[in-house]
Amino acid sequence: MNSQELFALARQAANRAYAPYSKFRVGAALLCEDGSVVTGVNVENRSFGLTICAERSALVTAVTQGKTRFKALAIACPDAAYPVSPCGACRQVISEFVPPDFPISFGGGDGKLVESTMAELFPHDALHELADS
Ligand code: THU
């Protein structure tokens with residue numbers, strides 16, 4: 001599965017976002033080592049700080065299903081006029097499970113994809129020696 005196909009799944013997932021406060025839907029699609037795809041959406045809360053981003057939602061769902069090895073991640077934000085990359089908290093959490101060359105692609109409403117990597121988005125990982133990967 002290529003990044004465009006993975007992005008299309010993230011875009012579909014974004015329709016299921018729970019974002020009544022920001023109206024900013026985000027979908028994430030995680031390609032697992034076994035070829036399956038696990039999606040996630042942002043889930044907001046009226047106590048705003050409790051919001052869970054789409055990327056962490058996908059990752060937590062995958063780990064719950066026993067999947068901890070991944071090939072790629074795509075993030076779709078149809079409500080943005082620009083490509084939306086993972087927030088700082090998500091970068092830290094994603095980095096727990098993936099190597100520096102892990103492909104991460106992201107795009108906004110126009111569907112144009114930015115192709116990046118974990119290392120580009122999260123350089124100088126201070127705690128990498130404490131993680132398994
Ligand atoms: N959000 C994500 O789900 N992922 C990102 O990469 C950026 C931000 C969500 C959190 C919140 O529900 C909304 O987008 C606005 O910040």
Side-chain angles (χ1 to χ4, degrees):
M1 172 172 299
N2 65 33
S3 56
Q4 285 289 348
E5 292 166 331
L6 195 60
F7 179 76
L9 295 175
R11 172 66 188 84
Q12 280 174 25
N15 292 329
R16 300 190 291 274
Y18 179 75
Y21 306 105
S22 72
K23 312 265 192 244
F24 196 85
R25 296 167 298 163
V26 187
L30 195 52
L31 179 59
C32 305
E33 200 175 62
D34 66 3
S36 64
V37 174
V38 174
T39 58
V41 299
N42 51 332
V43 180
E44 298 186 343
N45 191 273
R46 61 192 183 280
S47 176
F48 297 159
L50 298 180
T51 290
I52 301 167
C53 293
E55 297 89 326
R56 273 177 290 154
S57 151
L59 201 57
V60 166
T61 300
V63 174
T64 302
Q65 294 176 4
K67 298 163 185 174
T68 54
R69 300 182 69 85
F70 309 109
K71 285 183 177 162
L73 173 68
I75 301 141
C77 190
D79 301 318
Y82 51 89
V84 175
S85 62
C87 77
C90 286
R91 293 177 196 209
Q92 173 72 50
V93 172
I94 297 163
S95 78
E96 181 75 13
F97 293 94
V98 308
D101 63 351
F102 181 78
I104 299 177
S105 54
F106 47 92
D110 66 4
K112 259 193 231 156
L113 268 192
V114 174
E115 313 260 6
S116 189
T117 64
M118 187 76 256
E120 270 178 11
L121 295 175
F122 196 58
H124 308 295
D125 175 3
L127 296 172
H128 67 93
E129 71 278 10
L130 293 177
D132 287 333
S133 59

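Bear in mind the structure is a predicted one, so any value in this text is a computation, not a measurement. No hydrogens, no waters, no symmetry mates; every other heavy atom, side chains included, goes into these values.
Contact check for Pro20 versus Glu44: side-chain heavy atoms found under the 4.5 Å cut-off. Cys87 is not listed as a side-chain neighbour of Glu55, based on a closest heavy-atom distance of 4.5 Å or more. Contact annotation: the side chain of Arg11 approaches that of Pro78 to within less than 4.5 Å [non-hydrogen atoms, C-beta and beyond]. Between Lys67 and Leu30, every side-chain heavy-atom pair lies at or beyond the 4.5 Å cut-off. Val41 is not listed as a side-chain neighbour of Arg25, based on a closest heavy-atom distance of 4.5 Å or more. Considering only heavy atoms from C-beta on, Asp79 stays 4.5 Å or farther from Lys23 through its side chain.
Separation of atoms CD (Glu96) and CE (Met118) is listed at 11.0 Å; rounding is to 0.5 Å. Here Asp34 contributes atom CG and Gln65 contributes atom CD; the two are 9.0 Å apart, rounded to the nearest 0.5 Å. Distance CD/Gln92 to CG/Asp125: 6.5 Å, rounded to 0.5 Å. Note that CG of Leu73 and SG of Cys32 are 10.5 Å apart. Values are rounded to the nearest 0.5 Å.
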For a quick test of your reading: what N or O donor-acceptor pairs under 3.5 Å do the side chains of residues 45-53 make, sequence neighbours left out?
from, atom 1, to, atom 2, distance (Å)
Asn45, OD1, Ser47, N, 2.8
Thr51, OG1, Phe48, O, 3.0

Would you check, one step at a time, whether the test side chain to side chain contact (heavy atoms under 4.5 Å, CB included) holds for Val114 with Ser85? CA-CA 9 Å; Val114 174; Ser85 62; over 6 Å; no
Applying side chain to side chain contact (heavy atoms under 4.5 Å, CB included) to Phe70 and Ile94, what does each step give before you reach the verdict? CA-CA 10 Å; Phe70 309 109; Ile94 297 163; over 6 Å; no
For Val93 and Leu59: C-alpha separation, side-chain torsions, deciding distance, then whether side chain to side chain contact (heavy atoms under 4.5 Å, CB included) applies. CA-CA 9 Å; Val93 172; Leu59 201 57; 3.6 Å; yes
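At a threshold of 4.5 Å between side-chain heavy atoms, the hydrophobic network of Ile, Leu, Val, Met, Phe, Trp and Tyr places Val38 and Val60 in two separate groups. Taken together through direct or relayed side-chain contacts under 4.5 Å among Ile, Leu, Val, Met, Phe, Trp and Tyr, Leu121 and Val98 form part of one hydrophobic cluster. Phe122 and Phe102 end up in the same hydrophobic cluster when Ile, Leu, Val, Met, Phe, Trp and Tyr side chains are linked at under 4.5 Å. Using a 4.5 Å cut-off between side-chain heavy atoms of Ile, Leu, Val, Met, Phe, Trp and Tyr, with links allowed through other members, Phe97 and Phe106 fall into the same hydrophobic cluster. Linking Ile, Leu, Val, Met, Phe, Trp and Tyr residues whenever their side-chain heavy atoms come within less than 4.5 Å places Val63 and Ile104 in a single cluster.
Each of Pro86, Ser105, Cys90 was checked for a side chain to side chain contact (heavy atoms under 4.5 Å, CB included) with Ile75, and the lone residue meeting it is Pro86.
The minimum heavy-atom distance linking Met1 with Leu6 is given by the pair SD-CD1, 3.7 Å.
Distance alone, capped at 3.5 Å, is enough to place a donor-acceptor pair between the Asn42 side chain and the Phe24 backbone.
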